[in-house]
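Heads up, the thing below is written out as structure tokens.
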Amino acid sequence: MPIDTESSLLQPTEAPAARALNARGGASAVLVCEHASRFIPVSLNGLGLDEAAARSHAAWDIGAFELSVELMGALDAPLVHSRVSRLVYDCNRPPERADAMPQLSEVFPVPGNQNLSDDQRTRRIREVYEPFRQLLASTLDARPAPPVLITMHSFTPVYKGKVRAVELGILHDADDRAAQIMLRHAKDSGLRVALNEPYSATDGVTHTLREHAISRGIPNVMIEVRNDLIDTPTGINRIAGQLAPILRSVVDELSQVEAKI
């Protein structure tokens with residue numbers, strides 16, 4: 001039986017499920033971090049995870065939030081982030097996807113996600129996904145000019161036993177404008193860069209881009225940083241220093257194109 005039995009998922013002291021930082025930032029960009037936190041509401045009793053799983057990359061994108069905060073400051077861009085673990089609800093997945101509330105994440109079983117009832121799934125959608133979705137939508141709609149949507153993620157160096165050599169992944173869905181500009185500038189970063197690695201749209205990881213950017217016709221890109229590069233403050237500062245000028249170039253080039261239209 002599922003572990004969560006309370007009528008409300010988030011206690012008042014645990015809310016909100018999502019937050020916007022630097023909402024009035026002046027950049028023509030909005031940063032997003034869907035997997036910023038490994039927090040699991042008390043009502044879910046830790047989802048039955050052991051300590052290793054609860055702290056692992058399965059529960060969150062290690063270093064992604066801290067990196068996003070550094071880039072928020074460097075770019076002066078708003079940052080919208082989830083405050084709940086993706087094992088409770090993955091805000092980069094639509095409600096109909098089974099892995100929005102995964103029963104298994106890589107090698108980690110999630111006991112508290114086994115045999116969820118429709119009511120339990122609906123509660124998580126209502127209390128975790130919808131607040132995030134609505135906050136991101138309102139943040140985008142409040143921008144004075146069409147922004148570039150930039151989603152920030154990290155990935156594990158070894159996944160299901162396979163070593164990943166790439167250090168910076170640049171992902172896109174149907175709109176590759178921002179990704180191609182970023183790829184061009186990132187080639188001189190000193191990082192091992194790849195387009196649509198270690199994931200791509202075919203893996204179903206571009207929901208935020210589709211839901212919030214492609215639907216609005218605004219440029220967008222999904223960034224994946226290998227998490228062993230950003231698991232310390234020093235590493236986060238170094239990668240932020242490399243990414244910030246690249247992203248400024250992306251935003252500037254796209255803003256110039258928009259101005260000519």
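Only heavy atoms go into these numbers, but all of them, side chains included; no hydrogens, no water, no symmetry mates.
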For this session: Scan Ile230, Thr234, Ile236 and name whichever one has a side chain to side chain contact (heavy atoms under 4.5 Å, CB included) with Thr232.
Result: Thr234

Problem set entry | Residues forming a side chain to side chain contact (heavy atoms under 4.5 Å, CB included) with Pro109, sequence neighbours excluded | Leu104

For this session: With the side chain counted from C-beta on, respond yes when Ile40 and Leu87 share a heavy-atom pair under 4.5 Å apart, and no when they do not.
Result: no

For this session: Supply the atom-to-atom distance Glu197 CD to Leu171 CG, rounded to the nearest 0.5 angstrom.
Result: 8.0 Å

For this session: Check whether any side-chain heavy atom of Tyr89 sits under 4.5 Å from a side-chain heavy atom of Glu127, and report yes or no.
Result: no

Exercise. If you look only at pairs with a residue in residues 43-59, which of them pass as a salt bridge (charged side-chain N to carboxylate O under 4.0 Å, His left out), with sequence neighbours excluded?
Worked result: Glu51-Arg55

For this session: Give the intermediate values and the outcome of side-chain contact (heavy atoms from CB on, under 4.5 Å) for residues Asn196 and Thr202.
Result: CA-CA 10 Å; Asn196 292 321; Thr202 60; over 6 Å; no

For this session: Using side chain to side chain contact (heavy atoms under 4.5 Å, CB included) as the criterion, point out the one residue from Val80, Val221, Thr208, Ile214 that pairs with Leu149.
Result: Thr208

Exercise. After noting the C-alpha distance and the side-chain angles of Glu106 and His57, does the key distance pass the side-chain hydrogen bond (donor to acceptor under 3.5 Å, both in side chains) rule?
Worked result: CA-CA 9 Å; Glu106 196 204 359; His57 65 272; 2.8 Å; yes

For this session: Apply salt bridge (Lys or Arg N to Asp or Glu O under 4.0 Å) to Arg184 and list each qualifying residue two or more places apart in sequence or on a separate chain.
Result: Glu253

For this session: Any ring pair (Phe, Tyr, Trp, His ring centres under 6.0 Å) involving residues 137-158? Give me the pairs, sequence neighbours left out, ordered by first then second residue.
Result: His35-His153

Problem set entry | Summary of side-chain hydrogen bond (donor to acceptor under 3.5 Å, both in side chains) pairs that have at least one residue in residues 214-223, sequence neighbours excluded | Asp141-Arg216

For this session: Please collect all side-chain hydrogen bond (donor to acceptor under 3.5 Å, both in side chains) contacts where either partner lies in residues 73-84, sequence neighbours excluded, each pair once.
Result: Asn22-Asp76

Taking only distance into account, with no hydrogens and no angle test, what donor-acceptor pairs under 3.5 Å do side-chain atoms of residues 63-73 form with protein atoms, sequence neighbours excluded?
residue, atom, partner, partner atom, Å
Ser68, OG, Ala64, O, 2.7

Listed pairs under 3.5 Å, donor-acceptor, residues 160-168 side chains, sequence neighbours left out:
residue, atom, partner, partner atom, Å
Arg164, NH1, Thr156, O, 3.0
Arg164, NH2, Tyr199, OH, 3.1
Glu167, OE1, Arg192, N, 2.9

Exercise. Transitive ILVMFWY cluster of Val42 at side-chain heavy atoms under 4.5 Å: who else is in it?
Worked result: none

Exercise. Mind checking whether Val225 and Gln242 have side chains closer than 4.5 Å, heavy atoms only?
Worked result: no

Exercise. Are the side chain of Arg86 and the backbone of Cys91 linked by a donor-acceptor contact shorter than 3.5 Å?
Worked result: no

Problem set entry | Side-chain heavy atoms of Asn227 within contact of Pro157, under 4.5 Å | yes

Problem set entry | Nearest atoms (heavy-atom pairs only) where Ala244 meets Ala74 | CB-CB, 3.8 Å

For this session: Run through the side-chain heavy atoms of Ile, Leu, Val, Met, Phe, Trp and Tyr, join any pair under 4.5 Å, and report what else lands in Trp60's cluster.
Result: Ile62

Exercise. Are Val251 and Met182 linked, directly or through other ILVMFWY residues, by side chains that come within less than 4.5 angstrom of each other?
Worked result: yes

Problem set entry | Spatial distance of atom CZ (Arg38) from atom OG (Ser56) [nearest 0.5 Å] | 9.5 Å

Problem set entry | Connected via hydrophobic side-chain network under 4.5 Å: Val250 and Ile239 | yes

For this session: Determine, using the 4.5 Å side-chain heavy-atom cutoff (strictly less than), whether Leu209 and Leu247 are members of one ILVMFWY cluster.
Result: no

For this session: Before giving the answer on side-chain contact (heavy atoms from CB on, under 4.5 Å), spell out for Leu9 and Val84 the whole-Å C-alpha distance, their side-chain angles and the decisive distance to 0.1 Å.
Result: CA-CA 11 Å; Leu9 190 69; Val84 180; 6.0 Å; no

For this session: Quick one: do Ile223 and Ile150 satisfy side-chain contact (heavy atoms from CB on, under 4.5 Å)? Show the steps, please.
Result: CA-CA 7 Å; Ile223 296 173; Ile150 302 167; 3.6 Å; yes

Exercise. Val107: which other cluster members, linking ILVMFWY side chains closer than 4.5 Å, directly or transitively?
Worked result: Phe108

For this session: Output the distance between atom NE2 (His212) and atom CD1 (Ile218), rounded to the nearest 0.5 Å.
Result: 10.0 Å

Exercise. To the nearest 0.5 Å, what is the distance between CD1 (Ile125) and CZ (Arg133)?
Worked result: 11.0 Å

Seminar exercise, completed: Taken to the nearest 0.5 Å, the spacing of Ser200 OG from Leu195 CG works out to 9.5 Å

Problem set entry | Hydrophobic cluster membership, Leu136 vs Tyr129, 4.5 Å side-chain cutoff | no

For this session: With sequence neighbours excluded, give me every salt bridge (charged side-chain N to carboxylate O under 4.0 Å, His left out) pair touching residues 89-98.
Result: Asp90-Arg93, Arg93-Asp99, Arg97-Asp99

For this session: Identify whether Phe132 and Met152 are in the same connected component of the hydrophobic contact network (ILVMFWY, side-chain heavy atoms under 4.5 Å).
Result: no

For this session: Give, for atom CD1 of Ile246 and atom CG of Asp188, the distance between the pair rounded to the nearest 0.5 Å.
Result: 8.5 Å

